[in-house]
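The structure under discussion appears below in the form of structure tokens.
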Amino acid sequence: MIRPDSVQNFEEYPRWQLLAGVREIEIRMRFSFDSKLQDIAFKIEDGERLSFEDGVALYNTSDLNALGKLADSVRRQKHGLTTYYNVNRHFNHTNICVADCKFCGFYRRARQEDSYTYSIEEGVEIARNAVAEGATELHIVGGLTTKLPFSYYTDLFSTLKREFPKLHLKALTMVELDFFARFYKMSDEDVIEQLKAAGMDSCPGGGAEIFAEPTRSRICDHKCDGSRWLELAGKVHKAGLKTNATMLYGHIETIEDRVDHVVKLREQQDATGGFQCFIPLAFYPPGTALSTLPGPDAIDNLKTIAVSRLMLDNFDHVKAYWVMLGKPTTQMALHFGANDVDGTITDGGELTHAYSVEEGGESKMTKAELITMIERAGFESVERDTVYNRVEKVVG
Ligand code: V47
């Protein structure tokens with residue numbers, strides 16, 4: 001489409017094309033009352049990358065409908081109406097953690113009465129139940145503990161793989177890998193290769209929190225910084241494994257911190273290309289050192305999904321994590337750029353349970369409930385495995 005404002009020599013263009021351009025601008029004028037959004041809409045249409053300033057402008061708009069429409073147009077271009085879910089289970093092998101993250105209500109010190117560590121046999125039983133319920137993925141993360149040898153992880157993964165060869169092990173965040181390298185005095189490459197050889201199939205996106213300093217240090221100064229998180233993600237990608245990426249928002253961070261976070265992820269994705277999915281995690285204050293904060297509201301949640309979809313032009317998937325958002329906001333998020341809702345999740349009442357915004361701390365949805373949630377929102381539900389292959393429905 002030719003835009004009259006970009007035309008230098010009017011004689012070169014047929015009149016109908018110029019009129020079409022005028023019409024397009026007229027439509028744009030009605031599209032949003034926020035002139036900054038109109039400029040951004042042109043960029044998106046032209047496939048132009050959005051800048052840091054664009055990201056901030058998107059967050060600051062009060063035209064939520066226009067923002068949602070823009071993100072939805074990108075989502076529909078990439079995925080149509082398809083919305084992914086999976087059948088998975090979380091396994092949090094220990095809640096013992098030496099870090100002291102202000103946003104975390106899950107961790108315990110080893111001496112505390114309610115600290116726990118599962119044995120490998122207990123892990124296998126949890127996986128057995130998950131597989132019996134149709135799970136294709138086990139999501140394994142835990143605290144940073146000095147109480148376990150490195151062989152706990154390799155034995156756990158190899159035992160799980162021997163028992164359940166088809167179960168995808170999405171295990172360990174970049175923060176855990178960093179801790180292993182430092183605590184067990186191994187190179188990053190050795191840590192990754194040994195875990196991969198034992199059965200680690202991909203890595204979840206946790207531990208990213210918010211990269212920007214000084215915010216990161218104020219909420220989690222005991223764990224690796226943002227550049228180290230990104231460096232490790234790059235190394236895992238180079239080892240041939242996919243990872244996800246998250247952002248914890250709605251605590252003490254600024255809008256600029258959030259945009260900086262997604263820009264850094266976009267740069268890393270340009271460099272190593274192994275991120276599959278971006279998952280904004282809405283901060284849930286109860287039970288944490290930041291419990292007096294209100295946490296993000298629905299508008300903030302929807303804006304964050306939409307801005308992420310628009311800024312992360314090199315990420316295939318944006319996940320509306322229903323556990324943090326609750327079902328109603330998750331349904332709306334599907335109209336604001338998200339194309340995935342995560343999965344059935346079932347856990348033993350551990351980490352996800354601690355953060356669930358669902359009534360009564362419920363942290364499980366059946367496959368039928370997930371499908372209904374997606375389809376009532378007007379989308380087509382597709383079961384996927386961890387790396388986004390369709391799981392074919394078994395007929396008969
Ligand atoms: O890194 C901790 C977050 C993350 C709170 O990769 C909190 O598919 C909200 O990364 N309120 C762990 N969030 C969970 C995670 C994840 C979840 C689902 C799917 C995937 C994936 C990854 O949970 C932590 C932290 O950012 N978190 N405490 C809290 N109070």
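Counting convention: from 1, in listed order, for ligands and their atoms alike.
Ion pairing of R89 with E137 is absent here, as no side-chain N (NZ or NE/NH1/NH2) approaches a carboxylate O to less than 4.0 Å. With respect to R216 and D257, no salt bridge is recorded, no charged nitrogen being found less than 4.0 Å from a carboxylate O. Residues D178 and K223 are not paired through a salt bridge, judged by the lack of any N-O separation under 4.0 Å between the basic side chain and the carboxylate.
Using a 4.5 Å cut-off on side-chain heavy atoms (C-beta onward), T159 and V124 make contact.
A donor-acceptor pair under 3.5 Å links the side-chain atoms of D54 to the main chain of S51, judged by distance alone.
Applying the salt bridge (Lys or Arg N to Asp or Glu O under 4.0 Å) test to residues at least two apart or on different chains, the pairs with a partner in residues 192-206 are K161-D201.
For ligand 1, the atoms sitting less than 4.0 Å from at least one non-hydrogen atom of E209 are 1 (O), 24 (C), 25 (C), 26 (O), numbered in the order shown with element in parentheses. When each atom of ligand 1 is checked for a heavy atom of I279 under 4.0 Å away, the hits are 6 (O), 8 (O), 20 (C), 21 (C). Contact atoms of ligand 1 toward G206: 1 (O), 10 (O) (distance under 4.0 Å to a heavy atom of the residue). Each of the following atoms of ligand 1 lies closer than 4.0 Å to a heavy atom of F283: 9 (C), 11 (N), 29 (C), 30 (N). Atoms of ligand 1 found under 4.0 Å from any heavy atom of K319 (numbered from 1 in listed order, with element): 8 (O), 19 (C), 21 (C).
Taking the six-membered ring for Trp and thresholds of 30 and 60 degrees, H261 and F211 have nearly parallel ring planes, at less than 30 degrees apart. Taking the six-membered ring where tryptophan is involved, the planes of F278 and F315 are perpendicular, since the angle between them exceeds 60° and thus also 30°.
Residue contact annotation: G207 has a non-hydrogen atom under 4.0 Å from ligand 1. In this structure, C101 falls outside the shell of residues with a heavy atom less than 4.0 angstrom from ligand 1.
Residue G105 has no nitrogen or oxygen atom sitting less than 3.5 Å from a nitrogen or oxygen atom of ligand 1, judged on distance alone. Considering both main-chain and side-chain atoms, P204 never comes within under 3.5 Å of ligand 1 through any nitrogen or oxygen pair. Residue Y284 places at least one N or O, backbone or side chain, under 3.5 Å from an N or O of ligand 1. Remark: ligand 1 and K170 share an N or O pair separated by less than 3.5 Å (distance only, no angle test).
Residue-level proximity to ligand 1 for A282 is carried by the backbone, the only part with a heavy atom below 4.0 angstrom. Of the heavy atoms in Y321, only side-chain atoms (C-beta onward) come closer than 4.0 Å to ligand 1. Contacts with ligand 1 closer than 4.0 Å are made by no heavy atom of V141, backbone or side chain.
Taking all heavy atoms of D340, L248, N244, L281 into account, the minimum distance to atom 7 (C) of ligand 1 is reached by L248. Which of K102, H90, H139, K223 comes nearest to atom 20 (C) of ligand 1 through a heavy atom is settled by distance: it is H139.
Proximity of the aromatic rings of F283 and Y249 is defined here by a centroid distance below 6.0 angstrom, and this criterion is not met.
Donor-acceptor pairing under 3.5 Å is lacking for the side chains of S115 and R109.
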